[in-house]
Each structure stands twice: as structure tokens, then as C-alpha cells.
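Written below as C-alpha cells is the structure these notes are about.
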Amino acid sequence: MPPRGTRDVLPPEARVREHIASTARRIFESYGYGRIQTPTFEETDVFVRGVGTSTDIVRKEMYTFRDGSDRSLTLRPEGTAPVARAFVEHGMHKLQLPVKLWYQASMFRYEAPQAGRYREHMQLGVEALGSDDPLVDVEVIAMLHDLYTTLGVGGLTLHVSSMGDAESRSAYRPLLMAYLEAHIDVLGPDERERMRDNPLRLFDSKNPAVRELMADAPKIVEHLGEDAAAHHGRVRAGLDALGIAYVDDPTLVRGFDYYTHTVFEFACDLLGAQSAVGGGGRYNGLIQELGGQPTPGVGFGTGIERITLALEGTTTPERALDCYIAIPDQELRVTLLPLVHSLRAAGLRCETDLRGRSLKAMMRHASSLGVATCVIIGSREYDAGVAAVRDMTTGDQREVPLDQLLESLQ
RNA sequence: GUGAACGUAGCUCAGUCGGUAGAGCUCCUGGUUGUGGUCCAGGCGGUCGAGGGUUCGAGUCCCUCCGUUCACCCCA
């Protein structure tokens, strides 16, 4: 058994994942994003400062360990803080802004495993750093929307909200706290603790009594300052211009401390409790928190496992093989090695028998592999300088001179 | 971390009251010379999640642990 919360991905599922990843790569590059690869582990402080000490991730979900030099290191639990760290490290503020980066990497979180929730999962994400233009937010959302649409992910709803800027938040917080204090009796011990750490997260609660309470609570989107409201309005106008449907969700809260202004999430109703298939937002304070010049940023992350689950039954991965070469003669299997090699070198995906099967067994093998074409070269064909080429769908079989075999298969 | 359900062949699952571990699928070999899919016959394949307990006897009952799933929580 692999460790709890981890899994082996076997070829059929790996093909689906490859398809998702290559589609994402094509879309990200069409928007001018370049790939960044950061280490699998970072100094623990990158996440403590970047993600925030009030978050569950930092408080109880990090894989933290000490190396031989007693440094505290942590397996990457999310993708944004490492990218921000690299931005600072490499002085990317001197590049044309925004710097547009995408990544594909494993994330590690110590959580209770469930369908669609693993301790190691693969995430695709982008970060656009160095511009506070709301149209960057729109671009990032549009890219993710493109990805899901291209892949054919169904049952999605885009939720959008704003968490405002520092001024909006400091003006809003007392309003929310006053409301909560007035109804403190509704809250249990856990919820009171959350109220102190990060009261906005109470909007996320599934407790019916709390939901009811929060439905009437003051919402930050309704108390944005002038700048934040203008930003939010322009993001919405951009989405409208692109015809991207979304719902205004004032209760949308994301579990990282670094978010400011725009936050969004794509929920999939095919996924049960783990319904968030991708999400992100703007984080204008993060780079500074990690020691860089004040630099705005916006990005998203989306989980490959959850996309795969949402796609279940809808994709037909392409055929993995083009043809099967059946050589029912043990000596010819050696003699024809160069021929098979040349077919593969020319780009044909070929399988041959590797067990000394009978021709009947080879044909069965070819059939179960689902190849469209089977090439049979026994001593009879070889002596005549030909190959028997059989169409496995129709059963039609014809002879082709060996020196024309490659062209006839292409 | 909390609560619940589940764990039998590679896969999907039966297994009665505690009494010799089963089926279908997959895979392999045949069904007369070198031809697949359908059909027929045969075969391979098990530490019944692990460990302990009760019993003459445990897949079945009890305990502990591990794992999966569902919900909470959180999130991708």
C-alpha cells in the first residue's frame, strides 16, 4: 500500500492527466505565460509568512521536517508563496510587468483523505505579478474558464467576490465583529475561536444556525472603499464583456490570508463535498510580506485529480498504439528487429510480441490492444519480400512490399 | 482531528445459523497446418486488510490497529 492519502496513477488515468496538462499548457502559453519550476520543499518560513498563521494549512497541515543541518523545511502545500519567493529572489520586478508564470507541481497537505482530497495532489496554476489592473484578474479567470471549457468539464459554477483592500477591511471588520458579538450565543466554541482568528471564514460554515446568522451579517462586498469597489466593478465588467457567467457570492471566502480584492472559485456539482475544482484571487500584500518591493499579484490553482473526477466517463483518451507487428517465427523476430525499430523511429507506435506467442495468441493480443492495423511477417511473407497488412476493423488483408511498408502505414 | 459505513482473486462482487473459499470479467492454453473480436472447453489466480481473542472449529462473533469511502472541518 502507498502511504495514506497518496496513490499510484496507472497508464489509463495517466493518459487523462496528460491530456489535461497538455491542454492547460497550450492555453497558458497562448496567453503568454511561461513555466516556472520551484523546489518541492522550501524553508518553512516561506509558507508561514506567505500563507499566514491563521490558516489551517500552516496550523496543522504542513509536512515540516528538519534536515541534517537542523534547517526547518516544508513540503510545498500550495503554489503561490514559492512563486512569489522566486519573484523576489530573481529581481523579477525589473522585468516587463506583469510577469506571467504558470506551474504544474505536487502539493502536500496533511489532511483527512477523501475522494478528491489527497495528501499529495497535482496542481496547475498561474500567477501574474506586478500589475494591479483589474483586467489581469479578468485574464486569469478567463484562462481557467477556457481550460474547463476546452476540456469539457460540466456542472461548473463560477463564484466571484471581493475581499477589498486594507482600508476596506479595517473599516469593515468592526462592523462584522459588532454583529457577531451581538449574536455570540449562536456560535459554538470552535466558531468563537474562528471569529477571533479570521471572522470572514464564518461565512464558509455549513452549520445551519451559523449560515442563517451570516446571511444577515454585513458583507464586505457591500462595504468596499471607493478604490476597491471600482476594482471589483471593472472585474465584473470584464467578465460580462467576455460572456463568462458567474454568481456574486458575498460569502465566498478563501483559506489563505494573502487574498485582497478579487477572489473566485469554480465549484463543480459532480464532486460531492470536495466541490472546488479550482480557485484563486488577488494578493497585493504577499510579495512585500516575503521581503520584496510592494508588488500586486493575482493567480489561481486547479487540481488535476478533481478535474479528472469531474471528467469521469466523458473523455475518450486517444488510442495509444498505431499498429501491431506479428512475427510468427522465432528467427525472424531477431532478423526483423531493425525493421520494427525503423517504424518506431519514423514515429509509428508499434507493439510486438515479447513472449514467444503463437500467431493466434499474437492476433488476440493485437485485438485486445485495440490497434487499427496488424502487420504479419512470417517466413512465407519474408521470403517473398512482403508483409501482410491486416485492417483489424474490417478484417481486410493485403500484401505490401517490405520496402513500402512504412509509407503504407503512415 | 470528530462521527459513520465498508475491507473476500488483478477488477466487480456472492458467501445462509460459526462447519472443506465461490461466480462473472480479465489473463493463459486448446477447439488439426499461420490469423483476432463471438462461441465452447480447460487452466492460472486467495495470508478472506493486519494482529489478537472466544470456540472442537472463525471469511462469519469480540477487541485493537491499518486502509478506503461518506459527512464535519478544510480545500484543489
Between A/Gln123 and A/Thr6, who's closer to the 5' end of RNA chain B by nearest nucleotide?
A/Thr6
Face-to-face contact A/His365 to B/G36 six-ring, under 5.5 Å, under 30°:
no
Distance check, P atoms only: B/A76 and B/G18, in whole angstrom units.
50 Å
Report yes or no: is there a donor-acceptor pair, N or O only, under 3.5 Å between the side chain of A/Arg117 and the base of B/C73?
yes
Do the side chain of A/Arg364 and the base of B/G37 come within less than 3.5 angstrom through a donor-acceptor pair of N or O atoms?
no
Heavy-atom check, side chain of A/Glu139 versus side chain of A/Tyr31, under 4.5 Å:
yes
Heavy-atom donor-acceptor pair, A/Arg109 side-chain to B/C75 base, under 3.5 Å
no
Taking the C1' atom in each of B/G57 and B/G19, what is the distance between them to the nearest angstrom?
7 Å
Give A/Ala388 one of three labels, base, sugar-phosphate or nothing, depending on what nucleic acid heavy atoms sit under 4.0 Å from its own.
nothing
Got more than 12 heavy atoms from elsewhere within 6.0 Å of CD, A/Gln397?
yes
What does A/Glu120 touch in the nucleic acid at a heavy-atom separation under 4.0 angstrom: a base, only the sugar-phosphate, or nothing?
nothing
Assuming nearest nucleotide by heavy-atom distance, tell me which of A/Ile57 and A/Leu271 is located more 5' along RNA chain B.
A/Leu271
Can the positive tip of A/Arg119 be found less than 6.0 Å from the middle of the six-membered ring of A/Tyr110, inside 45° of the ring normal?
yes
Could you give the distance separating B/A58 and B/U16 at their P atoms, to the nearest angstrom?
16 Å
Does a nitrogen or oxygen in the side chain of A/Arg201 sit under 4.0 Å from OP1 or OP2 of B/C73?
no
Integer-rounded Å distance: B/U35 P and A/Met392 CE
13 Å
For RNA chain B, report each stem as range with range, ordered by first number, or say none. Use Watson-Crick or G-U wobble pairs under 3.5 Å, at least 3 in a row.
B:1-7 with B:66-72, B:10-13 with B:22-25, B:27-31 with B:39-43, B:49-53 with B:61-65
Could you go through A/Arg7 and A/Glu13, starting from their C-alpha distance and side-chain angles, then the distance that decides it, and tell me whether this counts as salt bridge (charged side-chain N to carboxylate O under 4.0 Å, His left out)?
CA-CA 12 Å; A/Arg7 48 202 297 278; A/Glu13 185 183 347; 3.0 Å; yes
Would you say the ring centroid of A/Tyr33 lies under 6.0 angstrom from that of A/Phe28?
no
P spacing across the pair B/C27 / B/G37, given as an integer number of angstrom
11 Å
Taking salt bridge (Lys or Arg N to Asp or Glu O under 4.0 Å) as the criterion, tell me which of A/Arg85, A/Arg49, A/Arg71, A/Arg76 meets it with A/Glu42.
A/Arg85
What is the separation between atom CG on A/Leu270 and atom P on B/A76, rounded to the nearest whole Å?
19 Å
Can you tell me how far C1' of B/U38 sits from NZ of A/Lys360, to the nearest Å?
12 Å
A/Arg35 vs A/Glu29, salt bridge (charged side-chain N to carboxylate O under 4.0 Å, His left out): CA-CA, chis, key distance, verdict:
CA-CA 9 Å; A/Arg35 183 168 187 179; A/Glu29 289 182 351; over 6 Å; no
What is the nucleic acid contact for A/Arg7, judged by heavy atoms within less than 4.0 Å: base, sugar-phosphate only, or nothing?
nothing
Verdict with reasoning, A/Thr308 to A/Glu305, per side chain to side chain contact (heavy atoms under 4.5 Å, CB included)
CA-CA 5 Å; A/Thr308 304; A/Glu305 287 80 1; 5.5 Å; no
Under 3.5 Å, is there any donor-acceptor pair linking the side chain of A/Glu381 to the base of B/G34?
yes
Could you walk me through whether A/Tyr324 and A/Met363 pass the side chain to side chain contact (heavy atoms under 4.5 Å, CB included) test, one step at a time?
CA-CA 9 Å; A/Tyr324 189 95; A/Met363 297 307 290; over 6 Å; no
Looking across every strand, which nucleic acid part, if any, lies under 4.0 Å from A/Ser275 by heavy atom: base, sugar-phosphate, or nothing?
nothing
Using the C1' atom as the reference point in each nucleotide, state the distance between B/A23 and B/C65 in Å, no decimals.
32 Å
As a quick check of understanding, evaluate salt bridge (charged side-chain N to carboxylate O under 4.0 Å, His left out) for A/Arg201 and A/Asp56, giving each step before the final call.
CA-CA 11 Å; A/Arg201 301 245 308 275; A/Asp56 281 19; 3.3 Å; yes
Starting at CD of A/Glu399 and ending at C1' of B/G34, how long is that distance when rounded to a whole Å?
13 Å
Is A/Arg59 touching bases, backbone alone, or none of the nucleic acid, heavy atoms closer than 4.0 Å?
nothing
Using a cut-off of less than 4.0 Å, is there contact between a side-chain N or O of A/Tyr110 and OP1 or OP2 of B/G1?
yes
Euclidean distance, atom CD of residue A/Gln114 to atom C1' of B/U2 [Å, nearest integer]:
13 Å
Of the nucleotides B/U68, B/G37, B/A76, which has the atom closest to the A/Pro113 side chain?
B/U68
Would you kindly give the CZ-to-P distance between A/Arg194 and B/C72, to the nearest whole Å?
12 Å
Spacing between A/Met107 atom CE and B/C74 atom C1', to the nearest angstrom:
17 Å
Is A/Gln397 near enough to B/U35 that one of its side-chain N or O atoms lies under 4.0 angstrom from OP1 or OP2?
no
Pick base, sugar-phosphate or nothing for A/Ala115, based on heavy-atom distances below 4.0 Å to the nucleic acid.
sugar-phosphate
Can you say whether a donor on the side chain of A/Arg4 sits under 3.5 Å from an acceptor on the base of B/C66, or the other way round?
no
Work out how far the C1' atom of B/U60 is from that of B/G15, and round it to whole angstrom.
9 Å
A/Gln274 CD to B/U69 P, in whole Å, measures 10 Å
Candidate nucleotides B/A76, B/C28, B/C73, ranked by approach to the side chain of A/His121 - the nearest:
B/A76
Whole-angstrom distance between B/A71 and B/G45, as gauged at atom C1'
38 Å
Using a cut-off of 4.0 Å on non-hydrogen atoms, how would the nucleic acid contact of A/Gly116 be classed: base, sugar-phosphate, or nothing?
base
Expressed as a whole number of Å, how far does the P atom of B/U2 sit from that of B/G59?
31 Å
Identify whether any heavy atom of A/Gly79 sits under 4.0 Å from a base atom; if not, whether one sits that close to sugar-phosphate; answer base, sugar-phosphate or nothing.
nothing
